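Within every chain, numbering begins at 1; the chains are lettered A, B, ... in the order of the sequence lines, protein sequences first and strands thereafter. Keep in mind it's a predicted model, so treat the numbers as computed, not measured.
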Amino acid sequence: MPNALSNQLLSWYADHGRSLPWRERPEPYAVWISEIMAQQTRLETVLPYYRRWMTLFPDIATLAAASQQDVLNAWEGLGYYSRARNLHKAAGIVVREHGGQLPADPTRLQSLPGIGRYTAGAVASIAFGRDEPVVDGNVKRVYARLFLVEEPINTPQGEQAIWSLAAAHLPAGQAGNFNQALMDLGALVCLPKQPDCPACPLNAICLAAQQGKTGAYPRKKPRPEVPHYTVTAAVIRDQHGQVLLTQRPENVLLGGLWEFPGGKQEAGETLKSCLKREIREELACTIDVHEALGIFRHAYTHFKVTLHAFHARLATERFELLYHQAARWVPPELLDEYPMGKIDRMIARQLQDNTG
DNA sequence: TATTCGTGGGA
DNA sequence: TTCCCAAGAAT
């Protein structure tokens with residue numbers, strides 16, 4: 001049903017909505033890719049990746065036929081790499097089980113890997129014109145302020161409250177535009193820190209704005225402190241100057257990406273004894289640890305790392321993969337072909353700078 | 001249900 | 001510098 005809220009919002013959206021590549025002609029594949037990339041990621045960050053991706057993998061069949069290596073390379077830097085792995089898997093399922101066409105039904109969409117309640121609603125409403133609500137960070141913030149939602153939005157109770165509000169205010173027949181309008185409003189006007197209430201089309205009906213309480217909403221349960229780990233990594237070279245890269249398992253942090261092997265320092269260990277132990281545990285071999293290559297700091301979502309990288313050589317003839325999926329001796333100039341997380345990419349770059 | 005999963009930009 | 005947090009999903 002149309003209502004005051006949706007009328008104001010849709011009218012604002014017609015004038016102020018962002019122009020985005022997948023909005024020109026919202027085809028299911030384009031909308032799907034944009035939604036997966038945009039999970040926990042700002043659109044300004046997404047845009048260059050999205051353009052490159054659509055060039056590399058212009059349709060579902062091309063994506064399904066690509067190698068995981070190519071897919072992860074295209075995703076490198078975006079983070080949350082299970083999104084890329086699941087996207088690749090889902091493309092295969094769509095080709096094999098859905099005749100190559102993304103299903104329109106939100107329940108079927110949600111059965112695909114990487115598509116949850118939000119993304120199913122987004123694709124169904126934006127690409128297929130279904131009357132389905134969405135709830136993302138923007139929607140949570142907007143509704144929490146409009147109606148003074150007291151439950152913290154990062155709890156199941158708070159999320160449920162927002163989903164109910166989103167469903168209740170959805171205008172029939174215009175869900176796609178309404179959902180995108182809500183998200184644009186959250187991203188452009190109803191900002192977390194300094195909302196621009198005078199510019200907001202919902203100012204007149206917003207309880208938080210009327211009561212001067214936008215700073216207190218949405219309520220949030222505080223997150224626990226993040227630990228800080230000291231980590232080591234080995235840049236192991238052979239007699240040809242190639243370096244040993246190892247590929248991390250699936251379904252772990254940075255799953256499927258390549259790295260310089262190593263790991264967390266334990267109590268009472270020196271950096272070098274830590275590195276020798278980690279290499280023994282992961283590769284069943286002994287290394288000679290040489291000079292330090294550098295110190296790299298990086299902050300993940302739930303912990304921080306200071307990584308000490310060392311040059312090293314194998315002291316034993318062979319090694320064995322006790323943790324990783326694969327290992328490869330790689331000439332430094334070819335390191336770019338292997339998808340890596342940020343911190344290992346920093347090591348690789350320094351290596352290439354040193355080499356030449 | 002709580003935790004785990006990246007990275008970059010802005011305050 | 002540090003903290004927040006952004007078109008969430010999976011386990």
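Among the heavy atoms of the strands, none lies under 4.0 Å from A:Ile36. Nucleic acid contact class of A:Lys140 (heavy atoms, under 4.0 Å, all strands): none. Residue A:Gly255 is out of contact with every strand shown, counting any heavy-atom pair closer than 4.0 Å. Looking at heavy-atom distances under 4.0 Å, A:Arg23 makes contact with a base. Note on A:Arg18: a base of the nucleic acid sits closer than 4.0 angstrom, heavy atoms only.
The distance between the ring centers of A:His169 and A:Phe178 does not fall below 6.0 angstrom. Within the 6.0 Å centre-distance limit, the rings of A:Trp53 and A:Phe57 are counted as a close aromatic pair.
Checking the phosphate oxygens (OP1, OP2) of B:dT3, no side-chain nitrogen or oxygen of A:Lys221 falls inside 4.0 Å. Under 4.0 angstrom from either OP1 or OP2 of C:dA6 there lies at least one side-chain N or O belonging to A:Arg141. OP1 or OP2 of B:dG8 sits under 4.0 Å from a side-chain N or O of A:Lys342. Residue A:Gln40 places at least one side-chain N or O closer than 4.0 Å to OP1 or OP2 of C:dG8. Of the side-chain N and O atoms in A:Tyr80, none sit less than 4.0 angstrom from OP1 or OP2 of C:dA6.
You'll find that the side chain of A:Tyr300 is closest to B:dG6, out of B:dG6, C:dA9, C:dA7. For A:Ala38, taking side-chain heavy atoms from C-beta onward, the closest of the listed nucleotides C:dA10, C:dA7, C:dC5 is C:dA7. For A:Asn138, whose side chain is taken as the heavy atoms from C-beta onward, the closest listed nucleotide among B:dC5, C:dA7, C:dG8 is C:dA7. Here the nucleotide nearest the side chain of A:Lys220, chosen from C:dC5, C:dC3, B:dA2, is C:dC5. Closest to the side chain of A:Thr119, from the set B:dT7, C:dG8, C:dA6, is C:dG8.
If A:Lys193 and A:Tyr81 are placed on DNA chain B by their nearest nucleotide, the residue sitting closer to the 5' end is A:Tyr81. Each of A:Leu112 and A:Ser34 was matched to the nucleotide of DNA chain C holding its nearest heavy atom; the match closer to the 5' end belongs to A:Ser34. Positionally, the nearest nucleotide of DNA chain C for A:Met183 lies more toward the 5' end than for the other of A:Met183 and A:Ile115.
Both A:Leu275 and A:Phe319 are assigned to one and the same hydrophobic cluster, defined by single-linkage of ILVMFWY side chains at heavy-atom distances under 4.5 Å.
For the residue pair A:Gln180/A:Arg23, the side-chain donor-acceptor check at 3.5 Å is satisfied. Of the N and O atoms on the side chains of A:Gln69 and A:Trp258, at least one donor lies less than 3.5 Å from an acceptor on the other residue.
B:dG8 and C:dA9: their P atoms are spaced 22 Å apart (whole Å). Spacing between B:dA11 and C:dA7 at atom P, rounded to whole Å, works out to 15 Å.
The base of B:dG9 has none of its N or O atoms less than 3.5 Å from a complementary donor or acceptor on the side chain of A:Thr45.
Whole-Å rounding puts the A:Asn154 CG to C:dC5 P distance at 9 Å. Here the C1' atom of nucleotide B:dG6 and the NE2 atom of A:His298 are 6 Å apart, to the nearest Å. Look at CG on A:Leu87: it is 14 Å from C1' on C:dG8, rounded to the nearest Å. Rounded to whole Å, atom P of C:dA10 lies 14 Å from atom CD of A:Glu159. Distance A:Glu225 CD to C:dC3 P: 8 Å, rounded to the nearest Å. Atom P of nucleotide C:dA9 and atom CH2 of A:Trp75 are separated by 12 Å, given to the nearest angstrom.
The side-chain hydrogen bond (donor to acceptor under 3.5 Å, both in side chains) test with A:Tyr217 is passed by exactly one of A:Lys220, A:Lys213, A:Arg219: A:Arg219.
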